[in-house]
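Contents: one structure, followed by commentary.
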Amino acid sequence: MSLKLTIVDQTPVHGDLPAREAPNSSVALARACDELGYYRYWLAEHHNSIQFANPCPEIMIARIASATQNMRIGSGGVMLTHYSPYKVAEVFRMLASLFPERIDLGIGRAPGGTPLSSAALAAPYEQLEEDTFPQQAAELCAFLRNEYPERHPYRKLHCLPDNEPAPQLWMLGSGGGSSSLAGYLGMGLSVAKFISPQACSPAIFDNYERHFQQAGHQHKPSRMLALAVICAETEEEAKRVASTAAWRKMMTGRGAREPLLSPEEIDQRRRQLSPSDLAELDATRDAMVVGTPEQCWEQFHAHARDYQLSELGLVTVTHSFESRLNSYRLLAREL
């Protein structure tokens, strides 16, 4: 099966570069991936983070789309609960006008930050307690597809610069919670296995397609599974490089807040861990796709068969920028 690969870039703050260079590292990585044959390049949204440096994917999309020629560029994703659907529709309509047939709009329900950053994003208003995401997602689709009923007041609104073209619409989720909504609204569905490996079963996509068909959409459903991936020349080196992402994920689950650590720093900390903590760290790494190009591609094809997919998203977080770039270069040999 021919597989398309998408880069999901969280704009990590690499330990070998100043934090202010993280956005420029994303631009450099995107240029390389454009030449290597990757299909999409998505930018994630984070707030109040010392590990990830992109609070505004729409700005990075414009910059990277200008610096590349072949890949589709998009958000993976815009955290819609913070924003007005009309404003998001206008922003991505503009991007789609500037870069025709190249822009994707992926949206997510998660806050992408801390409770404090969410409160600041909502200011001067109070955060709503109820879940408004389904309504916001439906409004966003209506704006971009010109689907508001004739009598609806928003029917009179115009998304500048024009009502065409529109970005490709995707919904992001880390479990089954958003699959029904994505199917009902006729959006593509990207499931983040890199966030919740145990919660991502093939049944999520079955539920998505069932709701998609029941809603009567005429276009085809789109499916993607996003994986945490580290590739290197040897399995031993890949596991060493992957220790940064495994440690980050384990400690984030415990509420820790620290920069991305180097494999050498993690080796030192491993000596102080209890047997149960060591087992948790190794299990976190083993839930990722880690290995040589041949080993990684074997797992890619296995995921594609199990989930009936033709496209995978790759999330690669490393301490050094060169390790991250090298991982994507090695994987691209099979594209």
Side-chain angles (χ1 to χ4, degrees), residues 4 6-11 23-24 26-35 37-46 54-108 112 121 133 135-150 152-172 182 185-190 217-222 224 311 313:
K4 296 177 181 176
T6 286
I7 308 298
V8 181
D9 182 2
Q10 296 177 309
T11 314
N24 290 325
S26 286
V27 177
L29 183 66
R31 283 184 171 132
C33 289
D34 194 49
E35 295 177 357
Y38 286 92
Y39 183 57
R40 304 180 201 265
Y41 197 99
W42 282 3
L43 286 305
E45 175 181 335
H46 291 92
N54 182 10
C56 44
E58 64 275 17
I59 293 178
M60 290 298 295
I61 289 169
R63 177 68 181 93
I64 287 175
S66 297
T68 56
Q69 296 181 348
N70 305 305
M71 296 184 298
R72 296 189 65 91
I73 313 297
S75 58
V78 167
M79 301 296 99
L80 187 60
T81 52
H82 298 310
Y83 310 117
S84 153
Y86 181 49
K87 177 60 176 177
V88 174
E90 286 191 315
V91 167
F92 278 80
R93 183 81 78 184
M94 177 66 78
L95 288 168
S97 298
L98 292 171
F99 307 100
E101 304 300 325
R102 291 188 63 205
I103 300 299
D104 299 332
L105 169 54
I107 60 171
L121 285 164
F133 180 73
Q135 178 184 345
Q136 289 177 290
E139 290 182 357
L140 178 65
C141 290
F143 278 126
L144 288 170
R145 295 169 177 164
N146 306 313
E147 288 180 348
Y148 274 108
E150 193 67 39
H152 197 287
Y154 286 171
R155 177 77 177 199
K156 299 177 182 179
L157 287 173
H158 187 71
C159 283
L160 302 176
D162 197 2
N163 278 346
E164 296 292 342
Q168 191 176 111
L169 294 170
W170 288 78
M171 186 169 291
L172 282 61
L185 294 176
M187 304 176 75
L189 178 65
S190 178
H217 299 293
Q218 299 303 307
H219 59 286
K220 293 182 179 180
S222 299
M224 184 193 303
E311 185 171 356

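Given the structure is predicted, the values throughout are model-derived calculations rather than measurements. Just so you know, these numbers use all the heavy atoms, side chains as well, and skip hydrogens, waters and symmetry mates.
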For the residue pair [X] and [Y], what are the closest heavy atoms and their distance?
| X | Y | answer |
| --- | --- | --- |
| Gly313 | Val8 | CA-CG2, 4.3 Å |
| Ala30 | Ile64 | CB-CG2, 3.5 Å |
| Asp104 | Phe92 | O-CE2, 3.6 Å |
| Phe99 | Ala62 | CZ-O, 3.8 Å |
| Tyr38 | Met71 | O-CG, 3.0 Å |
| Arg155 | Tyr148 | NH1-O, 2.5 Å |

Report yes if some heavy atom in the side chain of [X] is under 4.5 Å from a heavy atom in the side chain of [Y]; otherwise report no.
| X | Y | result |
| --- | --- | --- |
| Arg72 | Thr6 | no |
| Leu160 | His158 | yes |
| Asp9 | Asn54 | no |
| Leu185 | Leu169 | no |
| Met60 | Val27 | yes |
| Gln136 | Val88 | no |
| Gln168 | Arg40 | yes |

Short side-chain donor-acceptor distance under 3.5 Å, Ser75 and Glu45: no
Residues Tyr41 and Asp34: side-chain donor-acceptor under 3.5 angstrom: no
Residue pair Val78, Tyr83: steps toward the side-chain contact (heavy atoms from CB on, under 4.5 Å) verdict: CA-CA 9 Å; Val78 167; Tyr83 310 117; 3.8 Å; yes
More than 12 heavy atoms from other groups under 6.0 Å of CD on Gln135: no
Plane angle bin for Tyr86 and Phe143 - parallel if under 30°, tilted between 30 and 60°, otherwise perpendicular: tilted
Within residues 84-100 or reaching into it, pairs that qualify as salt bridge (charged side-chain N to carboxylate O under 4.0 Å, His left out) - sequence neighbours excluded: none
